[in-house]
Amino acid sequence: MLTIRHITTASEYYSFVENLLESAFPKEECRDKKLQRECTDNNPKFRCNLIQTTYGQPIGVITRWDFGDFIYIEHFAIEQEERRHGYGSEALSKLLKMEGKRAILEVEMPYYPNDAAMKRIQFYKRLGFQLRRIPYKQPPYRKGDEWLPMKLMTYGKLNVTNRVINTIYHEVYNTELLK
């Protein structure tokens with residue numbers, strides 16, 4: 001049985017979170033450490049959640065934003081050595097139950113049937129997420145970086161409207177809104 005607990009940068013496990021985010025995501029899919037720490041400690045809409053085993057061993061992280069009627073799952077990762085034990089399914093299912101809200105997340109574009117992006121999409125589908133076929137680009141986290149083509153997946157009856165996308169763009173990426 002896993003536990004999911006909100007932590008701040010004062011936690012003894014925060015360095016684990018930073019290291020996991022750095023190893024699990026490309027640089028262009030994460031904000032820099034200083035801004036990540038600022039969100040973790042000071043943004044009331046943002047939560048950095050540590051995933052631990054029953055014995056207290058840290059094995060993963062889920063970061064999410066709460067926008068009232070839905071949550072946006074920004075980052076979700078299980079440590080490489082702990083994958084394929086069902087921890088990811090258990091952790092995400094537990095988070096969705098704890099939150100009790102509709103959810104949305106971004107996934108990389110799949111380019112062929114057996115690539116890693118397609119496997120992630122299938123993982124989320126098994127947990128009840130739906131792949132949305134609308135065009136979407138992830139804004140850059142840093143000036144000078146490119147917008148990344150992505151796909152959106154939703155959990156629960158969440159219509160992906162301009163309001164939803166604008167909320168993510170504005171709150172998470174601090175960028176221009178759709179018209």
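What's counted below: heavy atoms across the whole structure, side chains too, no hydrogens, waters or symmetry copies.
- The minimum heavy-atom distance linking Ala77 with Leu20 is given by the pair O-CD2, 3.6 Å.
- Judged by distance alone, the side chain of Asn159 and the main-chain N or O of Thr161 form no donor-acceptor pair under 3.5 Å.
- The residues Glu146 and Lys137 are annotated as not salt-bridged, no charged nitrogen and carboxylate oxygen being separated by less than 4.0 angstrom.
- Residues Tyr124 and Leu2 share a hydrophobic cluster, clusters being chains of Ile/Leu/Val/Met/Phe/Trp/Tyr side chains in contact below 4.5 Å.
- At a threshold of 4.5 Å between side-chain heavy atoms, the hydrophobic network of Ile, Leu, Val, Met, Phe, Trp and Tyr places Phe25 and Leu152 in two separate groups.
- Residues Cys48 and Val61 approach most closely at SG-CG2, 4.2 Å, considering heavy atoms.
- Gln130 and Arg132 are linked by a side-chain donor-acceptor pair at a separation below 3.5 angstrom, with hydrogens and angles left out of the test.
- How far CD1 of Ile59 is from CD1 of Ile78: 4.5 Å, rounded to the nearest 0.5 Å.
- Without hydrogens or angle criteria, Ser93 side chain to Ser89 main chain gives a donor-acceptor distance under 3.5 Å.
- Annotation for Ile62 and Ile51: closest pair CG1-CD1, 3.6 Å, computed over non-hydrogen atoms.
- Of the possible donor and acceptor atoms, one in the side chain of Asn19 sits under 3.5 Å from a partner among the backbone N and O of Ser15.
- Transitive grouping of hydrophobic side chains (ILVMFWY, heavy atoms separated by less than 4.5 Å) keeps Ile73 and Ile7 in distinct clusters.
- Side-chain atoms of Leu131 and Thr154, non-hydrogen and from C-beta on, never get closer than 4.5 Å to each other.
- Proximity of Phe67 to Ile104: side-chain heavy atoms (C-beta onward) are nowhere separated by under 4.5 Å.
- A pairwise comparison of heavy atoms in Lys27 and Arg142 identifies O-NH1, 2.8 Å as the closest pair.
- Taking all atoms of both residues into account, the shortest heavy-atom contact from Glu108 to Ile121 is O-CD1, 4.1 Å.
- Within 6.0 Å of atom NZ in Lys33, more than 12 heavy atoms from other residues, nucleotides or ligands are found, so the atom counts as buried in its surroundings.
- Residue Lys45 places its NZ atom among 12 or fewer non-hydrogen atoms of other residues, nucleotides or ligands, all under 6.0 Å distant.
- At least one side-chain heavy atom of Ile165 sits under 4.5 Å from a side-chain heavy atom of Val160.
- Within the 4.5 Å cutoff, the side chain of Ile4 has no heavy atoms near those of the Leu50 side chain.
- Of all the heavy atoms in His6 and Thr8, the pair that sits closest is CE1-CG2, 4.2 Å.
- Counting heavy atoms from C-beta on, the side chains of Gln57 and Glu82 come closer than 4.5 Å.
- In terms of modelled atom types and a separation under 3.5 Å, the side chain of Thr40 and the main chain of Thr9 share no donor-acceptor contact.
- Using a 30° and 60° split on the angle between ring planes, Tyr169 and Tyr136 fall in the tilted class, from 30° to 60°.
- No donor-acceptor contact under 3.5 angstrom links the side chains of Trp147 and Gln138, judged on distance only.
- Counting heavy atoms from C-beta on, the side chains of Arg163 and Asp69 come closer than 4.5 Å.
- Classified by interplanar angle (parallel below 30°, tilted 30° to 60°, perpendicular above 60°), the ring pair Phe123/Phe76 is parallel.
- Glu18 places none of its side-chain heavy atoms less than 4.5 Å from the side chain of Tyr13.
- Between Arg31 and Val172 there is a side-chain heavy-atom pair separated by less than 4.5 Å.
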